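All remarks here apply to the structure that follows.
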Amino acid sequence: MIRTNLKPAVISAVVVVVLSGLLMGVRLNQDGTNLTLVGAGPDVYWKIAIAAAFIFFYNLFRDHLAALWKAMPGMPKTPVQLIEASKKPILRRLFWCFLIALAILWPFISNRGGTDLATLVLIYVMLGLGLNIVVGLAGLLDLGYVGFYAVGAYGYALLAMYFDVGFWTGLISAGCLAALFGFLLGFPVLRLRGDYLAIVTLGFGEIIRILLNNMTWLTNGPNGIGGIPKPTLFGLEFSRKASEGMQTFHEFVGIDYSSEHRVMFLYLLALLLVLITLFVINRLLRMPIGRAWEALREDEIACRALGINPTSVKLGAFTIGASFAGFAGCFFAARQGFISPESFTFIESAIILAIVVLGGMGSQIGIILAAIIMTILPELAREFNEYRMLLFGLMMVLMMIWRPQGLLPMNRPHLELRT
Amino acid sequence: MKMAHKKALSQIITAAALVGFSGYSLAADTIKIALAGPVTGPVAQYGDMQFIGAKMAIEQINQAGGVNGSQLEGVVFDDACDPKQAVAVANRIVNDDIRFVVGHLCSSSTQPASDIYEDEGILMVTAASTSPEITERGYKLLFRTIGLDSLQGPTAGKYIAEQIKPKKVAVIHDKQQYGEGIATAVRDVLTEAGIDVPLFEGVTAGDKDFSALIAKLRQANVDFVYYGGYHPELGLILRQSSEQGLDVRFMGPEGVGNTDISAIAGEASEGLLVTLPKAFDEDPKNADLVEAFKAKNEDPSGPFVFPAYAAVQVIADGIKLAGSADTEAVAEALRSNSFDTPTGTLAFDEKGDLKDFNFVVYEWHADASKTALTE
Amino acid sequence: MPESLYYFLQQLLNGLTVGSTYALIAIGYTMVYGIIGMINFAHGEIYMIGSYIAFIVIAALAMFGIESVPLLIFAAFAISMLVTSAYGYSIERVAYRPLRGGNRLIPLISAIGMSIFLQNLVRIAQGSRDIAMPTLVTGGIDIGPQDAFHASLSYMQMIIFAVTLISMVLLTLFISRSRMGRACRACAEDLKMTNLLGINTNGIIALTFVIGAALAAIAGVLLGMYYGVINPYIGFMAGLKAFTAAVLGGIGSIPGAVLGGLLLGVTEAITAGYFSTEYKDVVSFGLLILILLFRPSGILGRPEVEKV
């Protein structure tokens with residue numbers, strides 16, 4: 001067996017050297033105005049050699065390794081009792097209550113950085129849930145979701161800049177504006193088949209970004225819009241000094257000012273929005289439109305045969321999904337105080353899509369988990385700054401190869417015959 | 001135990017103790033300075049300049065005994081020139097209880113981050129953000145060791161109007177705060193001086209292909225072009241202009257004045273006019289410092305290297321003068337004193353900007369050297 | 001001839017130059033999609049790697065004192081195509097083959113992840129700065145009057161046209177005349193059936209990736225020399241444009257990819273030349289959306305009937 005594997009092993013080792021030798025083994029160096037090459041240093045050579053050796057031996061002993069892998073006990077499977085228990089509705093309700101309670105208590109048990117990070121996680125959860133409607137439930141491949149996110153953020157920012165709109169009005173308007181864009185986009189792309197839809201939505205996302213970047217007269221172009229007002233609690237501002245005619249929160253309640261309050265308030269606000277989102281989506285899932293989305297994803301032609309109008313279903317998915325992105329965008333703009341087109345690139349769409357797929361398409365708890373992982377991992381890996389994005393890309397590939405159904409695939413409500 | 005082993009063991013223990021104790025004392029007596037800027041992302045090269053300047057300053061100040069007995073420690077944070085990451089970095093800096101920041105680099109990052117720093121009482125000195133808007137908000141803890149866009153433009157415009165006296169000038173910019181701001185200022189000065197500006201257009205930063213623009217310039221028959229922006233785009237414009245037969249003189253702000261532009265444009269960069277602050281790395285006073293950079297294989301000629309060095313230095317000197325690391329006291333000290341740095345004698349005005357910052361017009365050469373044309 | 005005509009000619013030539021490079025990269029997208037129905041997001045990064053290898057090779061040879069420009073260019077082409085083919089093959093083997101035959105989204109995410117991985121790999125290996133190379137091929141011809149506005153066509157542009165044309169011709173001959181080309185066509189028609197007939201479909205798919213990568217390498221070398229500046233981020237935009245071009249021309253159709261590429265390049269140049277440089281990308285994507293609205297399968301694509 002080793003002899004038959006020898007040739008592929010040698011070939012793959014050579015391939016590794018070819019792949020990395022030139023690209024990583026030497027470094028282009030701009031020496032003044034000349035272009036020269038320098039060796040990348042012995043540690044890079046060693047890394048290449050080790051990688052080649054590893055691939056060589058892996059291929060050589062591939063069969064042995066595969067047998068070994070099978071013989072191992074394997075990943076710990078969740079005990080049967082836990083699976084049975086998770087199906088009981090009471091326990092599920094308890095679980096959710098526990099989760100929500102933990103979420104509410106979080107800002108009080110964690111420090112400022114932790115709360116701030118959690119707010120970011122919540123924004124991505126909202127985005128993930130919104131995209132989940134389009135991709136996970138309705139099965140429409142949307143690669144330009146960040147466009148709606150940008151519409152929501154800029155919508156609020158522009159309204160605040162030109163019309164002095166407050167946060168809450170801005171929130172509703174941003175959602176409606178994004179929904180409108182979703183509707184307008186949905187219209188022409190409905191007839192397109194899966195992959196074409198993906199391309200068009202990708203193009204749409206890019207168009208929005210480029211327009212925001214170039215329409216300097218409206219959006220300030222690459223310089224972004226600053227001074228976006230932060231959200232208020234029934235008119236109470238969370239700042240050191242109140243602006244004209246307003247009162248500050250700490251004066252009202254009678255405590256000392258601490259910038260932590262604003263961070264906590266923003267977090268709780270985000271949590272509120274996420275809970276509303278979860279509630280709304282759960283309701284929708286049990287309504288006919290939710291069923292229609294899932295039917296559409298499974299088989300569009302059968303859908304049509306059953307009398308469901310795929311056009312209006314798709315349009316509904318797009319619009320509702322877009323509105324959630326709009327809400328998230330508005331909140332994002334308010335939290336940052338400053339937005340620019342750089343925050344709304346295709347990579348954002350990719351990250352949100354990765355969250356949906358990682359979480360298990362359609363599964364809401366999975367998406368929450370995935371959002372937490374995707375947001376926290378880059379923060380934890382800040383020490384490996386250089387390698388952060390590299391590991392992110394690698395992780396995306398590996399996750400797809402090893403667990404494509406997602407972390408917590410959706411459990412469709414179904415009936416089982418028990419004999 | 002054998003004698004040799006015992007000796008070795010005691011040596012190890014002593015060494016460990018020393019390291020342990022010195023580490024402890026270092027930890028107790030360091031003043032941390034956050035260095036915020038792009039480590040990754042498309043403008044990482046500018047972040048590089050800021051980091052090497054600041055790190056060199058920290059190293060040299062520490063070697064000279066530190067500040068009031070404490071050593072400085074630089075902590076690098078990556079914001080990738082993205083406002084969203086800049087806010088995250090700012091929050092982190094607040095969390096890590098760091099009181100001084102050198103950065104950020106991009107004006108679009110500095111602006112939202114400064115909101116957080118001001119609120120939290122953190123002192124920030126930026127060595128590269130040139131947008132005037134940043135200091136317009138009345139913040140007390142914000143300072144700059146770099147000139148403003150609003151100064152460079154008129155200098156360039158005046159030079160063109162008085163020395164070059166062209167018939168038609170095209171003004172191009174990259175639509176960003178820095179480039180467009182300077183370009184607009186130049187255009188206004190030129191129009192006031194009665195010079196015809198038939199073309200005022202923006203290109204997208206990051207673009208590679210300027211043949212359409214160059215054809216337009218050729219058709220408009222201009223004999224001088226001012227470009228507001230950075231060297232990646234102007235370098236390509238110069239290169240493609242010479243390939244496509246556009247034979248005019250170009251001028252640009254300090255963002256184009258570095259060796260890379262000659263690497264990109266080659267011969268075409270000969271004769272380019274650039275407004276720069278007086279070249280810090282060519283000042284004979286700074287010869288030692290330049291040697292120190294070269295010894296570490298670092299390039300001291302980037303426009304933000306010396307301002308970043310100066311930024312760290314004014315923070316250190318400010319702490320010394322104020323007698324404490326309390327940011328408000330240091331801010332007061334910065335505002336009421338002048339400081340002798342490699343970028344000249346610096347004094348700050350009420351808004352935190354440098355009181356005067358002279359730009360000089362240079363003629364650039366294909367081998368990346370330059371000659372001063374004005375004083 | 002009036003000046004405006006020369007101006008138009010100039011913009012046209014510029015557009016065709018860029019368009020040819022889009023075409024070269026677009027073919028890679030369209031071939032892969034035609035056979036396995038997958039959008040290879042990492043293809044743009046392959047083009048970027050091709051550029052980098054070209055620069056490395058030329059810098060290396062220059063350091064050894066080799067000055068002959070044709071030799072430098074030839075070496076750049078040869079080695080770049082070799083390395084990128086290895087990349088194309090490896091990526092298919094590692095990231096796509098295990099995911100074939102399932103939900104369409106899974107390989108797409110894997111491709112996006114691969115694209116991010118490659119981009120950062122090069123960034124770590126070579127730095128994120130722009131790297132510039134002196135112009136190797138200078139000079140050109142002028143079309144039109146010397147003293148008024150005239151169109152100029154550089155030798156580099158002529159090389160781009162020539163190489164693109166030769167590559168197209170060779171590829172078409174390969175696809176239409178050779179046995180493997182026939183196998184490729186068969187796979188594009190019906191993969192399962194071809195497999196049943198005994199053709200090694202895995203090998204053909206690998207071959208498709210390799211050909212696509214080689215063409216992307218050619219584009220990388222050409223554009224690297226033409227613009228003279230590269231950085232790890234050029235793959236994304238180029239990939240996006242080329243992808244747009246492939247869809248424009250009808251994804252799955254090789255002549256479509258070429259047509260789409262040229263059309264896109266010319267549209268961009270005309271927009272930039274007559275309207276505004278700022279919105280040329282918007283116009284490109286807008287064109288894509290328009291075509292897809294009225295002719296969803298692209299210009300030369302075959303309308304596909306979805307079978308139950």
Side-chain angles (χ1 to χ4, degrees), chain B residues 38-49 80-81 172-175 199 201-221 230-233 235-236 238-246 258-269 299 302 366, chain C residues 3-4 6-11 13-15 17-18 21 120 123-124 127-135 137-140 142 146 148-157 223 226-234 236-238 265 268-281:
Chain B
V39 176
T40 58
V43 291
Q45 47 194 312
Y46 294 111
D48 254 352
M49 297 174 191
C81 203
I172 315 285
H173 60 89
D174 65 356
K175 290 187 299 201
L199 203 58
E201 242 193 60
V203 296
T204 315
D207 237 5
K208 286 262 165 344
D209 196 323
F210 297 101
S211 26
L213 174 72
I214 291 169
K216 259 191 187 158
L217 289 171
R218 278 204 290 147
Q219 202 188 34
N221 238 335
Y230 295 102
H231 69 269
E233 288 74 39
L236 284 170
L238 287 173
R239 183 179 177 134
Q240 291 170 16
S241 297
S242 90
E243 284 172 8
Q244 294 172 27
L246 176 66
N258 59 60
T259 38
D260 279 353
I261 204 170
S262 294
I264 298 176
E267 280 301 315
S269 67
D299 179 12
Chain C
E3 186 184 281
S4 51
Y6 285 113
Y7 185 70
F8 175 73
L9 183 63
Q10 178 73 77
Q11 300 294 15
L13 286 171
N14 293 335
T17 314
V18 175
T21 48
N120 281 280
R123 177 183 63 79
I124 292 176
S128 52
R129 293 177 80 129
D130 280 355
I131 309 231
M133 181 169 75
T135 332
V137 177
T138 52
D142 290 327
Q146 264 311 102
F149 184 88
H150 52 265
S152 70
L153 180 65
S154 70
Y155 290 135
M156 190 66 224
Q157 280 177 304
L223 279 180
Y226 185 51
Y227 291 132
V229 178
I230 56 173
N231 63 56
Y233 308 104
I234 56 176
F236 175 68
M237 208 40 173
E268 277 188 8
I270 299 289
T271 312
Y274 286 100
F275 301 109
S276 154
T277 35
E278 317 183 3
Y279 290 101
K280 70 175 176 157
D281 292 336

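Order of the sequence lines fixes the chain letters, A, B, ..., with proteins taken first and strands second; residue numbering starts at 1 for each chain. Source: prediction; values computed, not measured.
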As an exercise, state the distance from [atom1] of [X] to [atom2] of [Y], rounded to the nearest 0.5 Å.
{"X": "Arg218(B)", "Y": "Ser152(C)", "atom1": "CZ", "atom2": "OG", "answer": "4.5 Å"}
{"X": "Gln244(B)", "Y": "Gln157(C)", "atom1": "CD", "atom2": "CD", "answer": "6.5 Å"}
{"X": "His231(B)", "Y": "Asp130(C)", "atom1": "NE2", "atom2": "CG", "answer": "6.0 Å"}
{"X": "Ile131(C)", "Y": "Ile264(B)", "atom1": "CD1", "atom2": "CD1", "answer": "10.5 Å"}

- request: Identify the two heavy atoms, one from Asp209(B) and one from Tyr227(C), that lie closest to each other, and give their separation to 0.1 Å.
  value: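 So the two residues come closest at OD2-OH, 2.6 Å.
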- prompt: Considering all heavy atoms of both residues, which atom of Ala269(C) and which atom of Ala212(B) are nearest to each other, and what is their separation?
  reply: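 That closest heavy-atom pairing would be O-CB, 4.4 Å.
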message: Counting only heavy atoms from other residues, nucleotides and ligands, does the tally under 6.0 Å from CZ of Phe275(C) exceed 12?
response: no
field: Segment of Thr204(B) engaging chain C (4.5 angstrom heavy-atom cut-off)
entry: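 Just its side chain gets close to chain C.
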query: Considering only heavy atoms, which portion of Gln240(B) lies under 4.5 Å from any heavy atom of chain C: side chain, backbone, both, or neither?
result: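 Answer is side chain: those atoms of Gln240(B) sit under 4.5 Å from chain C.
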With a 4.5 angstrom heavy-atom cut-off, is it the side chain or the backbone of [X] that approaches chain B, or both, or neither?
{"X": "Thr135(C)", "result": "both"}
{"X": "Tyr7(C)", "result": "side chain"}
{"X": "Val229(C)", "result": "both"}
{"X": "Met133(C)", "result": "backbone"}

- line: Highest number of heavy-atom pairs under 4.5 Å with chain C among Glu201(B), Arg239(B), Lys216(B) belongs to Arg239(B)
query: Checking salt bridge (Lys or Arg N to Asp or Glu O under 4.0 Å) for the pair Asp207(B)/Lys280(C): CA distance, chi angles, key distance, verdict?
result: CA-CA 11 Å; Asp207(B) 237 5; Lys280(C) 70 175 176 157; 3.5 Å; yes
